[in-house]
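The structure appears below as structure tokens.
We count residues from 1, following the sequence as given. Only this structure's heavy atoms are used, side chains among them; waters, hydrogens and symmetry mates stay out.
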Amino acid sequence: GLATANSRLRLAESGSGGVTDNYWDIKVAKIGGASNFNFYIAHNSLGELLTIDRTNGNVGVGTTTPGERLSVYGGDFGIQYGQSIRARSNTDSSWTSGTTKFLETSFTGGSDTVSIYTPGSQRSTAVMTLKANTGNVGIGSTSPTQTLSVNGMVYSGTGGFTVPDGSVQTSAASGAA
């Protein structure tokens, strides 16, 4: 059974002549220097695909040593259009109460859009928007019309601003109205 060390359950598909050439393993084992017996799902040609670390509950996709609550290696992490990555406080008991959008993807106005929200607030408007079709970035603007559109004060602590002719403006022009 699976209750013993280095145990596995193999799900196999038999090929021609009864030779098993395609199989999945669900196992409890020590792999890659793990100090405890962790839970793994593996494929014979793809290796360990999913790991749950017994010591900390971390989940690894594409790694046998997940360093975070969810560690994804060797590929993309995708979310569908209109979906969000959300955050909630440790004291909230449900995802509907206190959840806030952190990152959202959408396809609006003929453009792939990524919107970034401020975690920890119930903000309904993105603080930063990236438009794929134009490359425009909006800070405080969900519809940037320039390479960088800022809705609010822009501050430079040192160095000033470079203008199109290459000159640097380090202070306000004197005599400005």
Side-chain angles (χ1 to χ4, degrees), residues 24 32 38-43 45-53 55-177:
W24 290 88
N38 296 326
F39 176 82
Y40 302 92
I41 295 178
H43 185 269
S45 65
L46 301 173
E48 276 71 39
L49 300 174
L50 178 79
T51 301
I52 301 175
D53 189 318
T55 58
N56 53 28
N58 290 352
V59 176
V61 177
T63 178
T64 58
T65 55
E68 303 297 330
R69 186 55 83 188
L70 175 62
S71 298
V72 179
Y73 290 88
D76 293 335
F77 176 84
I79 62 174
Q80 294 177 339
Y81 289 126
Q83 302 301 306
S84 303
I85 296 175
R86 295 184 176 267
R88 69 179 170 109
S89 73
N90 291 337
T91 59
D92 289 330
S93 60
S94 71
W95 279 101
T96 56
S97 168
T99 60
T100 58
K101 286 188 266 189
F102 173 67
L103 184 74
E104 180 178 59
T105 62
S106 63
F107 185 79
T108 55
S111 179
D112 291 324
T113 301
V114 175
S115 301
I116 300 171
Y117 296 78
T118 305
S121 72
Q122 291 289 339
R123 255 185 119 87
S124 60
T125 304
V127 294
M128 181 180 282
T129 301
L130 309 151
K131 296 284 192 179
N133 67 334
T134 60
N136 293 348
V137 176
I139 298 176
S141 169
T142 58
S143 301
T145 58
Q146 302 297 318
T147 303
L148 177 61
S149 296
V150 178
N151 185 10
M153 181 71 69
V154 177
Y155 172 78
S156 171
T158 60
F161 297 94
T162 303
V163 294
D165 68 2
S167 62
V168 176
Q169 182 176 348
T170 58
S171 63
S174 61

Donor-acceptor contacts, no H, no angles, side chain residues 143-152, under 3.5 Å, sequence neighbours left out:
unit_1	atom_1	unit_2	atom_2	d
Ser149	OG	Thr145	N	3.1
Ser149	OG	Gln146	N	3.1
Asn151	ND2	Gly140	O	3.3

Would you mind writing out the side-chain donor-acceptor pairs for residues 154-162 within the sub-3.5 Å range, not counting sequence neighbours?
unit_1	atom_1	unit_2	atom_2	d
Ser156	OG	Thr158	O	3.0
Ser156	OG	Gly160	N	3.2
Ser156	OG	Gly160	O	3.3

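Contact detail for Leu49 and Leu46: the closest heavy-atom pair is CD2-CB, 3.8 Å. Here the shortest heavy-atom pairing between Glu48 and Thr64 reads CB-CG2, 3.7 Å. Nearest approach of Phe39 to Ile41, heavy atoms of both residues: CE2-CG1, 3.9 Å. Of all the heavy atoms in Val137 and Met128, the pair that sits closest is CG1-CG, 4.2 Å.
Once rounded to the nearest 0.5 Å, the distance linking CD of Glu68 with CG of Asn56 reads 9.5 Å. In this structure, the separation between NZ on Lys131 and OG1 on Thr142 is 7.0 Å, given to the nearest 0.5 Å. Summarising the geometry, atom OG belonging to Ser115 is positioned 8.0 Å from atom CG belonging to Leu130; distances are rounded to the nearest 0.5 Å.
When atom types are taken as modelled, the side chain of Thr51 and the backbone of Thr63 share a donor-acceptor pair closer than 3.5 angstrom.
Scanning for side chain to side chain contact (heavy atoms under 4.5 Å, CB included) contacts around Leu70 gives Val59, Val61, Val72, Phe77, with sequence neighbours left out.
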